[in-house]
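Here the structure comes first, spelled out in C-alpha cells, and everything after it is commentary.
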Amino acid sequence: MKYAAPRGTKDILPDDSPLWQFIEGACRETFELFNYREIRTPIFEATDVFTRSIGDSTDIVKKEMYTFPDRKGRSLTLRPEATASVVRAGLENNLISPDNLLKVYYLGPMFRYERPQAGRQRQFHQAGVEAFGSNDPLLDAEVIQMAVNLFQALGLKELEVDINSVGCKKCRPAYLEALKKYFQENVKHMCKDCLARFEINPLRILDCKEEPCQKYIAKAPAMVDHLDAECKEHFKRMVGWLDGLEIKYKINDRLVRGLDYYTRTAFEVVSKQLGAQNAVCGGGRYDDLVEEMGGKSVPAIGFAIGLERIMEILRKLNVESRASNVGLYIATIGDEARKVGFDLLSKARDAGISADFDYQGRSLKAQMKAADRLKAEYVYIIGEEELKKRSAILKNMETADQHEIAFDELIDNFSGECGCGCEH
RNA sequence: GCGGCCAUGGUGUAGGGGUAACACAGCAGAUUGUGGUUCUGUUGUCACGGGUUCGAUUCCCGUUGGCCGCCCCA
C-alpha cells in the first residue's frame with residue numbers, strides 16, 4: 001500500500017456514517033433541548049491559547065500537542081480540546097461577560113499526539129458544551145443531567161457518573177500541603193510513578209492503580225474534607241440538586257482531572273463496557289479560566305464527550321442500522337432507453353425521490369443485482385418495446401410485483417407513497 | 001515516552017526455505033430483457049528496507065503500521 005492514513009487517524013467510511021450521524025444528531029438534539037447553541041471555532045489556534053489554559057505541567061501540553069510553525073514562523077497548534085478555543089472565541093467576540101449567560105456546544109475533531117490504542121486516536125472527535133456566567137450549583141447539576149439525558153437518548157447503559165470537588169485556588173493549596181504531608185513518609189514504599197507525581201503534582205497520586213499504592217491512597221486525605229466553606233456549600237447544594245433530579249452518581253474523592261483549569265465540580269462518566277480507556281465524558285467547572293485568558297472574572301462549566309468511545313459501545317450493542325435510502329432504481333436496455341431513463345432519473349430527483357442508475361452500461365441482470373444490493377424499493381425497467389409504448393415496468397423489489405406505468409405517470413405515482421426511503 | 005503480541009487477495013483465515021490454500025464478498029458468464037439460491041471462471045509484487053541462502057512470502061535485523069497494556073485522557 002503506497003499511502004495510508006496517518007498513524008492514529010481513521011477514515012469514517014460510508015457504512016459507518018449512519019451511526020455517526022445518529023450520535024451527532026442525538027448530541028445536537030439534547031444540547032438544543034437545553035438551549036445550547038452551536039459554536040464552531042478553528043481547528044488550530046495560536047499555541048499560547050492552549051499552553052496558558054491547559055497548563056504547562058499537564059501531559060497534553062508537555063507531550064501531546066500537534067504544534068507547528070506556519071510560514072511566517074508563528075507557532076500554531078491543532079486543538080487538543082475545545083474549551084480553550086471556545087473561551088478565546090467568546091472573549092474575542094464579546095460573548096462572555098459576567099452579566100450575560102452564554103451556553104454553547106461544539107462538535108468536531110481534536111488532536112493529540114499519543115500512542116494509539118483501544119479508544120484512543122490521534123485525531124478523535126468530541127462533542128461538548130460550555131456555559132459561562134453562572135456559579136450557581138444548579139447549573140452544575142443541569143450540565144450533568146444533560147450528559148445523562150444524552151446517554152439515555154443514545155441507549156447507553158451500565159454507565160457510572162463520578163463526581164468530586166477539586167476546590168478552588170483558595171483552598172486547594174492547603175489540601176496539596178496536606179497530601180504532601182501525608183505521603184511524605186509513605187511515598188518511598190510506593191511505585192516510581194507515584195514518586196515522580198509526589199514532586200510534580202501530588203493530586204495525581206490519587207489516580208494510581210498500582211495495587212501496592214492503593215492501601216496508602218485509601219487513607220489519604222480527601223479534597224472534600226479540605227474544601228473551604230464556600231466550596232463545601234457549592235458541592236453540597238449541587239449534590240442536593242442532583243438528588244432532586246434523581247440522577248445516580250458516585251462521589252469519588254479520588255477523581256482528579258488532568259487539566260489544570262478545573263475548579264470545584266469535576267465529573268466523569270465511565271462505561272463498564274470499554275477497556276482501559278473507559279471515560280466517555282469528562283468535565284467540570286473552570287471559574288478562573290476566563291480571567292486567566294484575559295477576560296473579566298466569569299465562572300464557567302462544561303464537559304466533553306468522546307464520540308469514538310460512544311461509537312465503540314454502540315457497535316457492541318449492535319445498533320448498526322443500515323437502511324438504504326434509494327427509492328427508485330432505473331434500469332435500461334440499449335442506448336435510447338438509457339437516454340430516456342437518465343431523463344426520468346433527474347425528474348425523480350427533482351421531485352425529491354432518491355434515485356440511482358447504472359453508470360457502467362451493464363446488463364439488465366447486473367442492474368437488477370445492483371438495485372437489489374442497494375435495497376432499492378422499486379426498479380423501473382425500460383427496454384426497446386417500452387420505448388415505443390412510452391410506458392415501462394415498475395417492479396416492487398420486496399414483493400416482486402410488477403406492473404406497467406407510463407413514463408409520464410411514474411413520478412406522480414411515487415410522490416403519493418413517498419418513495420424516498422424516509423421513515424413513514 | 002515505555003512494554004507485550006502481530007503484519008498473507010476487498011474481508012476473515014491456513015500454510016511453510018523452492019514463486020501460496022480455504023471461505024465469504026466483488027466482477028463476468030451459465031438459450032443473449034429481470035435481483036436475493038446453485039454452478040463455472042476471475043481477483044495477491046504474502047507491509048516496506050536490508051541480511052543469511054543456490055533460492056526467502058517462509059529464518060534474522062531494522063522501519064512503518066495495527067492490536068493490547070502502562071502513562072494520561074475523550
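Quick caveat, the model's predicted, so the values are computed rather than measured. Below, read A as the first sequence line, B as the second, and so on, with proteins coming before strands; counting in each chain starts at 1.
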Whole-Å gap separating [atom2] ([N]) and [atom1] ([X]):
{"X": "A:E312", "N": "B:C68", "atom1": "CD", "atom2": "C1'", "answer": "12 Å"}
{"X": "A:D11", "N": "B:G66", "atom1": "CG", "atom2": "C1'", "answer": "14 Å"}
{"X": "A:F124", "N": "B:A74", "atom1": "CZ", "atom2": "P", "answer": "8 Å"}
{"X": "A:F111", "N": "B:A74", "atom1": "CZ", "atom2": "C1'", "answer": "14 Å"}
{"X": "A:Y105", "N": "B:A74", "atom1": "OH", "atom2": "C1'", "answer": "19 Å"}
{"X": "A:I60", "N": "B:G1", "atom1": "CD1", "atom2": "C1'", "answer": "16 Å"}
{"X": "A:R122", "N": "B:C72", "atom1": "CZ", "atom2": "P", "answer": "18 Å"}

Between the base of [N] and the side chain of [X], is there a donor-acceptor distance below 3.5 Å?
{"X": "A:R115", "N": "B:C67", "value": "no"}
{"X": "A:R112", "N": "B:A74", "value": "yes"}
{"X": "A:E114", "N": "B:A74", "value": "yes"}

Only one of A:D48, A:T67, A:T51 passes side chain to side chain donor-acceptor pair (under 3.5 Å) with A:T77, and that residue is A:T67

What's [X] touching, base or sugar-phosphate or nothing? Going by heavy atoms closer than 4.0 Å.
{"X": "A:E81", "answer": "nothing"}
{"X": "A:G283", "answer": "nothing"}
{"X": "A:G128", "answer": "nothing"}
{"X": "A:A371", "answer": "nothing"}
{"X": "A:Q121", "answer": "base"}
{"X": "A:Q367", "answer": "nothing"}
{"X": "A:K10", "answer": "sugar-phosphate"}

Fill in: N or O in side chain of A:Q117 less than 4.0 angstrom from B:G69 OP1/OP2
yes

Verify the contact: side-chain N or O of A:R120 to OP1 or OP2 of B:G69, cut-off strictly under 4.0 Å; return yes or no. no

Pairs under 3.5 angstrom, nitrogen or oxygen only, protein versus nucleotides 34-44 of chain B, please.
from, atom 1, to, atom 2, distance (Å)
B:U34, O2, A:K395, NZ, 3.3
B:U34, N3, A:Q402, OE1, 3.3
B:U34, O4, A:Q402, NE2, 3.3
B:G35, O2', A:D372, OD2, 3.0
B:G35, N7, A:K395, NZ, 3.3
B:G35, N1, A:M397, O, 2.4
B:G35, N2, A:D372, OD1, 2.9
B:G35, N2, A:M397, O, 2.8
B:G35, N3, A:D372, OD1, 3.0
B:G36, O4', A:D372, OD2, 3.1

A:Y286 and A:Y262 aromatic ring geometry - parallel, tilted or perpendicular at 30°/60° bounds:
perpendicular

Expressed in whole Å, how much space separates the [atom1] atoms belonging to [N] and [M]?
{"N": "B:G44", "M": "B:A21", "atom1": "P", "answer": "12 Å"}
{"N": "B:G17", "M": "B:C60", "atom1": "C1'", "answer": "13 Å"}
{"N": "B:C67", "M": "B:C24", "atom1": "P", "answer": "28 Å"}
{"N": "B:G9", "M": "B:U52", "atom1": "C1'", "answer": "29 Å"}

Sorted by position of nearest nucleotide on RNA chain B, 5' first, the leading residue of A:Y113 and A:D59 is A:Y113

Look at A:D343 together with A:K347 and state whether they make a salt bridge at an N to O cut-off of under 4.0 Å.
yes

*asked:* So that I can tick it off, tell me whether A:E92 and A:R88 are bridged by a salt bridge, with the cut-off set at under 4.0 angstrom between side-chain N and carboxylate O.
replied: yes

Any side-chain donor-acceptor pair under 3.5 Å between [X] and [Y]?
{"X": "A:T83", "Y": "A:E130", "result": "yes"}
{"X": "A:T265", "Y": "A:D140", "result": "yes"}
{"X": "A:Q123", "Y": "A:T9", "result": "no"}

Salt bridge (Lys or Arg N to Asp or Glu O under 4.0 Å) filter on A:E409, not counting sequence neighbours, yields none

The correct set of residues in residues 339-347 of chain A placing a heavy atom under 4.0 Å from RNA chain B is none

side-chain hydrogen bond (donor to acceptor under 3.5 Å, both in side chains) filter on A:N252, not counting sequence neighbours, yields A:D162

Geometric cation-pi criterion A:K180 and A:F198, 6.0 Å radius, 45° cone: yes

For RNA chain B, the expected dot-bracket line (Watson-Crick or G-U under 3.5 Å, [ ] crossing, | inter-strand) is (((((((..((((.......)))).(((((.......)))))....(((((.......))))))))))))....

request  = Give a yes or no on whether A:D225 atom CG has more than 12 heavy-atom contacts from other residues, nucleotides or ligands under 6.0 Å away.
outcome  = yes

What donor-acceptor contacts under 3.5 angstrom involve side-chain atoms of residues 18-28 of chain A, with partners at least two apart or in another chain?
from, atom 1, to, atom 2, distance (Å)
A:R28, NE, A:Y105, OH, 3.4
A:R28, NH2, A:E38, OE1, 3.1
A:R28, NH2, A:E38, OE2, 3.0

Checking A:Y380, A:Y359, A:F357 against A:F342 for ring pair (Phe, Tyr, Trp, His ring centres under 6.0 Å), the one that qualifies is A:F357

